[in-house]
Amino acid sequence: MNENEQSVNVLLDFDLLGKLVVGIGEVSDITGVPLRQIRYWEEKGIIHSSKEGEGTTRKYDYLNIKKIVLVKELMDDGYTLDAAAKKVEERMRNVNEVFAKLAKRSTEDSQEK
DNA sequence: GTTCTCACA
DNA sequence: TGTGAGAA
């Protein structure tokens, strides 16, 4: 492992965090989850797709993609869809908290109280 | 290329 | 729970 790879990883993560939205096809290919399954999960309310523009192409942001991967991993551990969804939602809440802290920190830093 | 509904296992 | 097919 070089510092290069670490830096790349960090940068990649931040880039993803910025705002990455891909079509369902890409998501299915990346996550390895069939298209029907992704729609199926969304139908259950586990994930949410962001429809952009006039087209019908569902766009999934990094959070949703992460959610899908998380659910997949959880189910691989023997969790059921509902259980996995619950766990993922809890994790997502934590991520959201971190995001809120990050945003707040940036604001405070800019205002320099 | 994507989406939807209905139905089946 | 996950997938099939046809239709738009």
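Scope of the values below: all heavy atoms of this structure, side chains included, with no hydrogens, waters or symmetry mates. Chain letters run A, B, ... following the sequence lines, proteins first, then strands; residues in each count from 1.
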- Message: With a 4.5 Å cut-off on side-chain heavy-atom distances among I, L, V, M, F, W and Y, is there a chain of contacts connecting A:Leu35 to A:Tyr40?
- Response: yes
- Task: Using heavy atoms and a sub-4.0 Å distance, could you list which residues of residues 24-32 of chain A are near DNA chain B? By number, please.
- Result: A:Ile24, A:Gly25
List every contact pair, protein side and nucleotides 4-8 of chain C side both N or O, where the distance is under 3.5 Å.
{"unit_1": "C:dG4", "atom_1": "N7", "unit_2": "A:Arg36", "atom_2": "NH1", "d": "3.4"}

- Gap between atoms CD and P, on A:Glu42 and C:dT3 respectively (whole Å): 16 Å
- A:Trp41 side chain N/O closer than 4.0 Å to the phosphate oxygens (OP1, OP2) of C:dG2? yes
- Message: I need the CD-P distance between A:Glu43 and B:dT3, as an integer number of Å.
- Response: 13 Å
- Query: Quick one: OG1 on A:Thr31 to CG on A:Leu70, what's the gap to the nearest 0.5 Å?
  - Reply: 12.0 Å
- dist A:Arg91:CZ -> A:Asn96:CG (nearest 0.5 Å) comes out at 14.5 Å
- Query: Can a side chain N or O of A:Gln37 be found less than 4.0 Å away from OP1 or OP2 on C:dT3?
  - Reply: yes
- Determine the minimum heavy-atom distance between A:Ser28 and A:Pro34, stating which atoms define it. CB-C, 4.3 Å
- Can you check the A:Lys72 NZ to C:dT1 P distance for me, whole Å? 16 Å
- Which pair of non-hydrogen atoms, one from A:Glu42 and one from A:Ile47, has the smallest distance, and what is that distance? CG-O, 3.1 Å
- Item | Atom-to-atom span, CG of A:Asp82 to P of C:dT1 - whole angstrom | 7 Å
- Message: Any non-hydrogen side-chain atom of A:Lys59 less than 4.5 Å from a side-chain atom of A:Val22?
- Response: no
- Atom-pair distance (CG on A:Asp76; P on C:dG2), nearest Å: 12 Å
- Item | Closest non-hydrogen atom pair, A:Gly32 against A:Lys72 | O-NZ, 3.9 Å
- Query: Just wondering, do A:Lys44 and A:Leu81 contact through their side chains at under 4.5 Å, heavy atoms?
  - Reply: yes
- Query: Atom CE of A:Met75 to atom P of C:dT1: distance rounded to whole Å?
  - Reply: 7 Å
- Note on the structure: Of A:Val71, A:Ile38, A:Val27, the one forming a side-chain contact (heavy atoms from CB on, under 4.5 Å) with A:Val33 is A:Ile38
- Message: Expressed as a whole number of angstroms, how long is the span from A:Tyr79:OH to C:dG2:P?
- Response: 16 Å
- Roughly, in whole Å, what's the span from OH in A:Tyr40 to C1' in C:dT1? 5 Å
- Query: Okay, side chain of A:Asn64, backbone of A:His48: is any donor-acceptor separation there less than 3.5 Å?
  - Reply: yes
Would you tabulate the nitrogen or oxygen pairs shorter than 3.5 Å linking the protein to nucleotides 6-9 of chain B?
none

- Interatomic distance, A:Met92 atom CE to A:Ile46 atom CD1 [nearest 0.5 angstrom]: 12.5 Å
